[in-house]
Amino acid sequence: MAADGPRALVAGNWKMNGGLAMLKEPRLLVAMLKDVKLRADVMVCPPAVILRRVKSVLKGSKIKLGGQDVHWAVSGAHTGDISADMLKEAGCSAVIVGHSERRTNHGETDEIVRKKAEACHRAGLIAIICIGETLEERKAGRTLGVTKQQLAGSLPAGATAANTVIAYEPVWAIGTGLTPSTAEVAEVHAHIRSELGGLMGSEAVQTRILYGGSVKPSNAAELMSQPNVNGALVGGASLKAADFLGIIKVYT
Ligand code: PEP
């Protein structure tokens with residue numbers, strides 16, 4: 001991976017997995033990383049109902065806690081939703097917004113994602129903004145156009161390198177075992193960096209751009225070594241401490 005540039009981030013998105021029985025995994029991870037010097041930040045994003053339990057497991061470690069989604073409003077009549085302040089209070093330092101599963105299953109538009117990212121910023125949370133093309137869009141040669149449009153629509157005006165992370169996650173690579181070629185990853189990440197330059201000015205250089213989509217221990221080193229890849233957003237392989245560690249190890 002690039003020696004200069006922003007400090008990498010490896011974030012695990014547990015999605016709707018993991019009740020209390022899952023607490024053994026972060027416990028193991030804390031133990032395994034205890035004396036390891038890392039060149040990356042590490043984060044786990046468990047389901048909201050166990051955030052506080054995971055937070056107490058992570059106590060004393062450098063592993064950070066993130067939420068998987070947030071409502072854009074500060075409070076009010078939004079049954080089932082969670083505000084950014086609530087996530088902050090539960091111990092989160094970041095929140096994933098605009099994951100393709102939210103965009104697809106919950107109809108979240110770029111505008112909604114932007115409002116959610118703004119809510120994160122208001123609460124002092126990092127917004128991990130997900131973008132990525134579908135297989136149809138890639139086949140139609142629209143990957144760069146789609147990611148450009150998603151970025152422009154989802155990035156709030158106050159975005160900085162400190163409060164925003166971009167996760168490039170091709171929809172067709174999520175949970176499928178498929179990944180783009182390293183050249184394709186490098187192409188899209190360079191494009192995102194360049195688009196961020198237009199949207200954020202000099203902040204773009206230090207803004208972390210994660211790759212996500214079927215990252216596992218066996219392909220992490222190659223994917224993470226591509227230019228403009230500043231870490232990973234990991235789904236399935238973050239559920240077992242040993243697998244997640246196999247990815248984090250790229251940054252030892
Ligand atoms: C994700 O959903 O953010 C993801 C990257 O999933 P997976 O690693 O399982 O492909």
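Numbering of ligands and ligand atoms starts at 1, following listing order. It should be emphasised that the depicted structure is a prediction, and the values quoted were computed from it without experimental measurement.
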Problem - Closest approach of T207 to A161 (non-hydrogen atoms, all atoms of both residues) - result: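 Closest approach of T207 to A161: OG1-CA, 3.4 Å.
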Problem - Electrostatic pair R7-D41, nearest N-O below 4.0 angstrom - result: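 D41 and R7: salt-bridged.
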Exercise for the section: Indicate yes or no: does R122 engage E118 in a salt bridge with an N to O separation below 4.0 Å. Expected result: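 The answer is no: the pair does not qualify as a salt bridge.
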Could you list which atoms of ligand 1 come closer than 4.0 Å to a heavy atom of [X]?
X: G236; answer: 7 (P), 8 (O), 9 (O)
X: I174; answer: 1 (C), 2 (O), 4 (C), 6 (O), 10 (O)
X: A173; answer: 10 (O)
X: S214; answer: 7 (P), 8 (O), 10 (O)
X: H99; answer: 1 (C), 2 (O), 3 (O)
X: G213; answer: 5 (C), 10 (O)

Handout entry: Parallel, tilted or perpendicular, as decided by the 30° and 60° cut-offs, for the rings of Y211 and H189
Key =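 Answer is tilted, since the angle falls between 30° and 60°.
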Practice task
Can you establish whether the number of heavy atoms outside R193 located under 6.0 Å from its atom CZ is more than 12?
Solution key: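 Yes - once you tally the heavy atoms of other residues, nucleotides and ligands closer than 6.0 Å, there are more than 12.
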I need the nearest protein heavy-atom contact for [atom]: residue, atom name and distance, please.
atom: atom 5 (C) of ligand 1; result: E169 OE2, 3.1 Å
atom: atom 2 (O) of ligand 1; result: K15 NZ, 2.5 Å
atom: atom 4 (C) of ligand 1; result: G235 N, 3.5 Å

Exercise for the section: Indicate whether the side chain of E133 and that of Y168 have a donor and an acceptor atom separated by less than 3.5 Å. Expected result: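 E133 vs Y168: donor-acceptor pair found between side chains.
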Practice task
Please determine, by modelled atom types, if R208 and N228 share a side-chain donor-acceptor pair under 3.5 angstrom.
Solution key: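 No, N228 and R208 have no side-chain donor paired with an acceptor closer than 3.5 Å.
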Handout entry: Per atom 10 (O) of ligand 1, closest listed option by heavy atom (G175, G212, C130)
Key =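 Result: the heavy atom closest to atom 10 (O) of ligand 1 is in G175.
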